[in-house]
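Fair warning: this is a prediction, and the values are worked out from it, not measured in the lab. Along the sequence shown, residues are numbered consecutively beginning with 1.
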Amino acid sequence: MLLRGIEFDPAKNPGTLNTLTWDLDAAAKLVSKDNKDAKAIHDTLTAGLATDKPVEDIKKQLQMLDVQTVKPIAPSLVVKDGKASLLLALQDGQRVFWTVSGTKEDNWAVYIKPVDLEFAASYIKSELSQFTPKALGPVSRLGIGNRHTTFVWPGIFAAISEIGGPAEVIQNSAYRELAPMDFILAPPSKESAYLPGHGSLNIGHTGTSIEGLWLHGVVSAIEHGFTEPYGADLDHVPVKGLDEQSIQHAKKLIECGRHYTFFTLDTSYLFNLEGKTHEERFGKAIEAGVLMYEYIKSLKGEEPFDFEFSLDEAPAITVPEEQEYVLKAFADRGVKVDFIAPNVGFEKRVDYRLPDGLQALEERVKALSEIAGRYGALLDFHSGSDKSSETYRTIARACGGNLKLKVSG
């Protein structure tokens, strides 16, 4: 495929596009009655409809079919009003929604719909709600970064299914790992992000779009039959200023990620830690947080979402008085903060190593956790990978087991 001067194979670049159906004409040919694999799937569905066979029995039959060019994704099957609908995986890597109606063997009453962001979001929410990411509220869980998108989900789904959810299984930073699709498909940008161990890389360095990560993640959940409660975190949405350009840029990222269920805001660019008062230090960051919270509400309408405010990008350890000021300021402005991420001294890729030791860490975290609890929030610990079991036990004990931990493989 040649798109905006870039040649790539969408099947080998998962998450770049906001669709898994990039050639609808080719898809239509594959699922025609001239294709023996498509006919086998069709006959299985119509036979099931004709005999009112239980959906689970039809799913088992679909899984047993010997097909190559068109494969039914059995967990996605929905039977409703005399119609059978499911997700198909095509040999060229595409996915389509396929609906079969009627019960006669010679009847080929079928239609396909593209698995693109807008149709898939509404269809999955209405017809496949057991696979839809949801706002989970301030309850303990993991947040798991998807640096390699589709490659990591099978392992994540297996692990969370074993230990039990909930978890944010769709998660990446909105303008470091991810970027809007039109940005990913544009010529290289001068904007860069620094990654320890890698150096400076272009923004959106994973090649995955904000839109594509959500879509591929949800479709992967469907394909693997993953039904543990899960959310989708548009992580570290940056707000670099209160000027119009900065605000509109942040809104653009959020608009691209409007189907996500969890929004983590990074306003550290607006911290003034040399200020003499809490207002001087955090006033602008809080103002940005209010603006973004209200914008998310305007996009989501009645649909709930989780909101997190990050302090962990500040260069200094978060002290309890600072966190209390921030949470109270938000509460006074009508902003419901579900999670707050203080800087507790964690670093990427290394264990806790500050000279004050784990006892001081536990005391500090306990104080921060108690303050968060008074405002109906939990602590979220960023840079959570590569810590020792002792460190994990320390923060869990300090929070009374009520915390969120973000990791990334």
**Report entry** Pairs flagged by salt bridge (charged side-chain N to carboxylate O under 4.0 Å, His left out) wherever residues 208-231 is involved - sequence neighbours left out
**Finding:** Arg95-Glu223
Report task. Enumerate the residue pairs fulfilling salt bridge (charged side-chain N to carboxylate O under 4.0 Å, His left out) with a member in residues 67-87, sequence neighbours excluded, ordered by first and then second residue. Result -> Lys80-Glu127
Between the main-chain N or O of [Y] and the side-chain N or O of [X], is there a donor-acceptor pair closer than 3.5 Å?
X: His42; Y: Ala38; answer: no
X: Thr46; Y: Asp43; answer: yes
X: Ser246; Y: Val239; answer: no
X: Thr16; Y: Gly207; answer: yes
X: Ser220; Y: Trp153; answer: no
X: Asn343; Y: Thr318; answer: no
X: Gln94; Y: Trp22; answer: yes
X: Asn35; Y: Val31; answer: no
X: Asp23; Y: Ala26; answer: yes

Using the salt bridge (Lys or Arg N to Asp or Glu O under 4.0 Å) criterion, which residues pair with [X]? Sequence neighbours excluded.
X: Arg141; value: Glu168, Asp306
X: Arg258; value: Glu118, Glu255
X: Glu162; value: none

Quick one: does [X]'s side chain get under 4.5 Å of [Y]'s, heavy atoms only?
X: Leu403; Y: Leu378; answer: no
X: Arg281; Y: Lys276; answer: no
X: Thr21; Y: Asp116; answer: no
X: Leu215; Y: Leu20; answer: yes
X: Val290; Y: Phe330; answer: yes
X: Phe8; Y: Leu17; answer: yes
X: Thr132; Y: Val218; answer: no
X: Val344; Y: Tyr352; answer: no

Query raised in the report: After noting the C-alpha distance and the side-chain angles of Leu117 and His259, does the key distance pass the side-chain contact (heavy atoms from CB on, under 4.5 Å) rule?
Result: CA-CA 9 Å; Leu117 185 64; His259 297 300; 3.9 Å; yes
Report summary line: The residue among Asp37, Leu90, Ile112 that forms side-chain contact (heavy atoms from CB on, under 4.5 Å) with Leu30 is Leu90
**Report entry** Closest non-hydrogen atom pair between Ile73 and Ile222, with its separation
**Finding:** CG2-O, 4.2 Å
Query - Least distance between heavy atoms, Pro238 atom then Leu253 atom - result: CD-CD1, 3.6 Å
Query raised in the report: Hey, mind stepping through Glu177 and Leu213 against side-chain contact (heavy atoms from CB on, under 4.5 Å) and telling me if it holds?
Result: CA-CA 10 Å; Glu177 282 78 40; Leu213 187 76; over 6 Å; no
Requested in this report: Determine, for Phe262 and Lys404, whether the Lys NZ or Arg CZ falls below 6.0 Å from the six-membered ring centre while staying within 45 degrees of the axis.
Outcome: yes
Requested in this report: Classify the ring geometry between Phe97 and Tyr123 as parallel (under 30°), tilted (30 to 60°) or perpendicular (over 60°).
Outcome: tilted
Requested in this report: Classify the ring geometry between Phe346 and Phe381 as parallel (under 30°), tilted (30 to 60°) or perpendicular (over 60°).
Outcome: tilted
Distance in Å, [X] [atom1] paired with [Y] [atom2], rounded so as to fall on 0.5 Å steps:
X: Glu303; Y: Thr261; atom1: CD; atom2: OG1; result: 8.5 Å
X: Leu178; Y: Ser209; atom1: CG; atom2: OG; result: 7.5 Å
X: Lys300; Y: Ile254; atom1: NZ; atom2: CD1; result: 11.0 Å
X: Ser85; Y: Tyr111; atom1: OG; atom2: OH; result: 5.5 Å

Requested in this report: In sequence, state the C-alpha distance, the side-chain angles, and the governing distance for Ile247 and Met292, and then conclude on side-chain contact (heavy atoms from CB on, under 4.5 Å).
Outcome: CA-CA 8 Å; Ile247 294 299; Met292 293 303 107; 3.9 Å; yes
Query raised in the report: Taking it one step at a time, do Glu287 and Lys284 satisfy salt bridge (charged side-chain N to carboxylate O under 4.0 Å, His left out)?
Result: CA-CA 5 Å; Glu287 181 65 27; Lys284 290 182 178 180; over 6 Å; no
Query raised in the report: Stepwise, does the side-chain contact (heavy atoms from CB on, under 4.5 Å) test hold for Asp356 with Arg364?
Result: CA-CA 11 Å; Asp356 58 2; Arg364 183 164 62 251; 3.1 Å; yes
If you count every heavy atom of other residues, nucleotides or ligands that lies below 6.0 Å from [X] atom [atom1], does the total exceed 12?
X: Lys297; atom1: NZ; answer: no
X: Phe151; atom1: CZ; answer: no
X: Lys113; atom1: NZ; answer: no

Requested in this report: Check step by step if side chain to side chain donor-acceptor pair (under 3.5 Å) holds for Tyr269 and Glu313.
Outcome: CA-CA 9 Å; Tyr269 306 92; Glu313 296 292 335; over 6 Å; no
Query - Of all pairs that satisfy side chain to side chain donor-acceptor pair (under 3.5 Å), the ones with a partner from residues 366-388, not counting sequence neighbours - result: His236-His382, Glu308-His382, Asp312-His382, Glu324-Arg374, Glu324-Tyr375, Asp351-Ser388, Ser388-Thr391
Report task. Go through the structure and list residues passing side-chain hydrogen bond (donor to acceptor under 3.5 Å, both in side chains) with Lys53, not counting sequence neighbours. Result -> Gln61
Query raised in the report: Partners of Arg393 by side-chain hydrogen bond (donor to acceptor under 3.5 Å, both in side chains), sequence neighbours excluded?
Result: none
Query raised in the report: Aromatic ring centroids of Phe309 and Tyr293 under 6.0 Å?
Result: no
Once ring pair (Phe, Tyr, Trp, His ring centres under 6.0 Å) is applied, do any residues pair with [X], and if so which ones, sequence neighbours excluded?
X: His148; value: none
X: Tyr230; value: Phe226
X: Phe271; value: Phe282
X: Tyr295; value: none

Query raised in the report: Does a side-chain N-to-carboxylate-O contact under 4.0 Å join Lys29 and Asp25?
Result: no
**Report entry** Short N-O contact, Asp182 and Lys252, less than 4.0 angstrom
**Finding:** yes
